[in-house]
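Remarks on the structure that follows.
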Amino acid sequence: MSLFFMFAFSLCNLASIASAAAQSPASSVETLFNVSRGIELENIAVRSNGALLLTALNSPVLHQYKPYIEGSTSETVVTVPNVNSLFGISEVSPDIFAFAAGNYSRSTSAVVKSFSVWAVNLRTYPPVLSKITDLPNARFLNGLTSLPPPVHSKKEVNATILLSDTILGQIYHIDPTTGALEAVLQSNATGAARPASLQPGVNGLRYVPASRKLYYTNTIAGIFGSIKISITPSASALPAVTADGEWQNIVSGPRGDDFAVASDGTAYLSGNPVNTVFKVTPDGVSSVFLNSTVLGSGPTSGAFGRTWKEQSSLYITTNGIPVGANLSTVVSDGGAVLKVSFKDTC
C-alpha cells in the first residue's frame with residue numbers, strides 16, 4: 001500500500017474515527033499550554049504522530065506542541081518571511097501541510113496584497129518551507145481545508161485545498177503542487193447563486209469525505225452550513241469542484257469561527273466573538289458545550305486527536321482575549337490550547 005494511498009484513506013476516515021467521540025459527553029477539560037502575550041492562536045492541525053501544529057495572529061511562526069510528551073513546550077517549526085500572521089492550515093500529503101499567511105492587526109485589519117499560501121514539509125529535518133502561491137487580490141484569507149486525492153490514483157498526488165476569503169465572501173481552489181488557483185462554488189447544482197452564507201463573513205471550512213460535504217461558518221451572518229460537492233479529476237488541470245446539491249443552513253445564531261466536525265456532521269463551533277464553543281448536531285440543534293468560564297478567552301478553532309490514544313480528544317485553540325475587551329485595542333494575554341477528553345463509551 002503506497003504512502004499516498006494511505007494518506008487518502010486516512011483523510012477519508014479521520015472524521016469517521018472522531019464520530020464516536022463526538023457523540024460522547026465530555027469528561028474533562030484541561031489547558032495544555034499558553035503562548036506568549038500578544039499572540040492569538042488562530043488555527044490547528046494534528047499530525048499523524050499526535051503533535052499539534054498551530055497558526056497564530058501577530059506571529060509569523062508555525063508552532064508545534066507535542067501533547068504526548070510530559071512538560072512539552074511550544075516549538076518553532078518555521079518562520080514565514082514578510083508576514084505577521086498565519087491562518088488556516090491542513091495536511092495535503094503525509095506530513096506536508098499547507099497554510100495561509102498575510103499581514104493583519106486588530107487596529108489596521110487585513111493588509112491587501114500581503115496574502116499567500118505556503119507549504120511546510122515535516123518529513124525532513126529541519127522542516128522545509130516553500131511558497132505555493134501569492135494571492136494579490138485576496139482581502140482576508142482565513143479558513144482552509146483539504147480535498148483528498150483519488151484513492152486509486154496510480155501516481156503520487158497531493159490533496160488540493162479550499163481556502164476562504166472572509167471579506168470577499170469567496171472560496172478558492174488551489175493545487176499545492178502547481179499553485180494553480182480558481183474561484184469555485186459560484187452557484188449550486190441547479191444554478192442558483194450563492195446564498196448569503198457564502199457572502200462576506202465566510203470563515204471556517206472543513207470537508208468531510210465520507211459525506212462529500214463541505215461545512216462552513218459565516219461569522220457575520222451567524223450561520224453554520226454545508227453543501228455536498230462533486231470533485232472531478234483532471235489529467236492536466238485542477239480537479240473540478242462543483243456543487244452537487246443545495247446549500248443547507250444547519251443552524252443560525254452561533255457566530256462560529258473555525259470548527260471541528262465528525263463524519264456524521266456533529267460539529268464543535270468555536271464561537272470566538274462570544275467566547276463559547278457550541279455543539280451542533282447533524283439535525284441543527286445547537287447547545288453550549290464550553291462557556292466563557294471554562295475557556296477564559298475566545299475560542300478560534302478545533303481538531304480531533306488522530307492517534308489511537310487521543311482519538312477521543314478534542315483540541316481547542318483560543319486567542320487569549322478576555323470577555324468584554326475592546327477588540328480594536330486589546331492585546332492578547334496569550335492564546336492557549338485546551339484538551340477536551342470525551343468519556344469512553346466502549
Side-chain angles (χ1 to χ4, degrees), residues 1-33 41 43-55 62-75 77 89-98 120-125 127 145-149 151 158-159 206-211 215 258-268 270 277 279 282 289-290 299 301-317 336-346:
M1 182 181 291
S2 74
L3 189 66
F4 285 82
F5 179 89
M6 292 171 62
F7 172 65
F9 182 82
S10 174
L11 283 180
C12 290
N13 284 275
L14 181 57
S16 297
I17 293 172
S19 182
Q23 297 300 324
S24 306
S27 61
S28 66
V29 181
E30 61 178 313
T31 299
L32 297 181
F33 79 101
L41 291 181
N43 219 313
I44 180 172
V46 183
R47 296 177 63 186
S48 59
N49 66 1
L52 311 181
L53 297 178
L54 305 157
T55 66
L62 179 64
H63 302 265
Q64 178 172 241
Y65 176 78
K66 298 174 180 176
Y68 47 84
I69 298 178
E70 186 175 355
S72 177
T73 58
S74 176
E75 307 169 357
V77 179
I89 180 170
S90 186
E91 192 171 21
V92 295
S93 190
D95 246 359
I96 298 177
F97 291 78
V120 59
N121 185 347
L122 294 165
R123 300 180 199 170
T124 63
Y125 186 83
T145 191
S146 298
L147 302 180
V151 172
N158 289 336
R206 291 285 188 269
Y207 177 67
V208 176
S211 62
Y215 291 85
D258 285 283
F259 56 93
V261 62
S263 61
D264 68 345
T266 302
Y268 293 88
S270 293
V277 173
K279 179 179 179 179
F289 182 69
L290 299 177
S301 191
F304 294 106
R306 290 182 64 179
T307 65
W308 180 256
K309 182 179 179 181
E310 299 296 336
Q311 63 181 347
S312 293
S313 299
L314 170 67
Y315 298 103
I316 301 289
T317 52
V337 174
L338 281 65
K339 176 184 174 182
V340 178
S341 297
F342 293 94
K343 292 181 180 178
D344 188 355
T345 58
C346 297

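Taking the side chain as every heavy atom from C-beta outward, Leu54 and Phe33 approach each other to under 4.5 Å. At least one side-chain heavy atom of Leu122 sits less than 4.5 Å from a side-chain heavy atom of Leu53. The closest side-chain heavy-atom distance from Pro67 to Tyr315 is below 4.5 Å. Put simply, the side chain of Val340 does not reach to within 4.5 Å of the side chain of Ser28, judged on heavy atoms.
When all heavy atoms of Ala303 and Ala260 are compared, the closest pair comes out as N-CB, 3.9 Å. Minimum heavy-atom separation, Ala336 to Leu41: O-CD1, 3.5 Å. The nearest pair of heavy atoms linking Ala210 to Ser263 is CB-CB, 4.3 Å. Closest non-hydrogen pair, Tyr65 versus Ser72, comes out as CE1-O, 3.2 Å. Taking both residues in full, the closest heavy atoms of Gly302 and Ile44 are given as C-CG2, 3.8 Å, listed atom of the first, atom of the second, then distance. Closest heavy-atom contact between Gly50 and Tyr68: C-CE2, 3.8 Å.
Side-chain N or O atoms of Ser146 include one that pairs as donor or acceptor with a backbone N or O of Glu91 at under 3.5 Å. At least one donor-acceptor pair under 3.5 Å links the side chain of Arg306 to the backbone N or O of Val46.
With sequence neighbours excluded, the residues that form a side chain to side chain contact (heavy atoms under 4.5 Å, CB included) with Lys309 are Thr307. Shown here are the ring-ring contact (aromatic ring centres under 6.0 Å, His included) partners of Tyr215, two or more places apart in sequence or in another chain: Phe224.
A distance of 7.5 Å separates CZ of Phe97 from OG of Ser90, quoted to the nearest 0.5 Å. Of the inter-residue distances, the one linking Thr145 atom OG1 with Tyr207 atom OH reads 9.5 Å to the nearest 0.5 angstrom. Note that OG1 of Thr266 is 6.0 Å distant from NZ of Lys279, once rounded to the nearest 0.5 Å. Taken to the nearest 0.5 Å, the CG atom of Leu52 stands 8.5 Å off from the CD atom of Glu310.
Between Tyr268 and Phe304, the two ring planes are perpendicular [angle over 60°; tilted spans 30° to 60°].
Only one option out of Asn43, Asp258, Thr317 pairs with Ser301 in a side chain to side chain donor-acceptor pair (under 3.5 Å); it is Asn43.
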task: List the steps, then state whether side chain to side chain contact (heavy atoms under 4.5 Å, CB included) holds for Asp95 with Asn121.
output: CA-CA 6 Å; Asp95 246 359; Asn121 185 347; 5.7 Å; no
query: Which is it for Phe289 and Ile316 under the side chain to side chain contact (heavy atoms under 4.5 Å, CB included) test, yes or no, and what are the steps along the way?
result: CA-CA 12 Å; Phe289 182 69; Ile316 301 289; over 6 Å; no
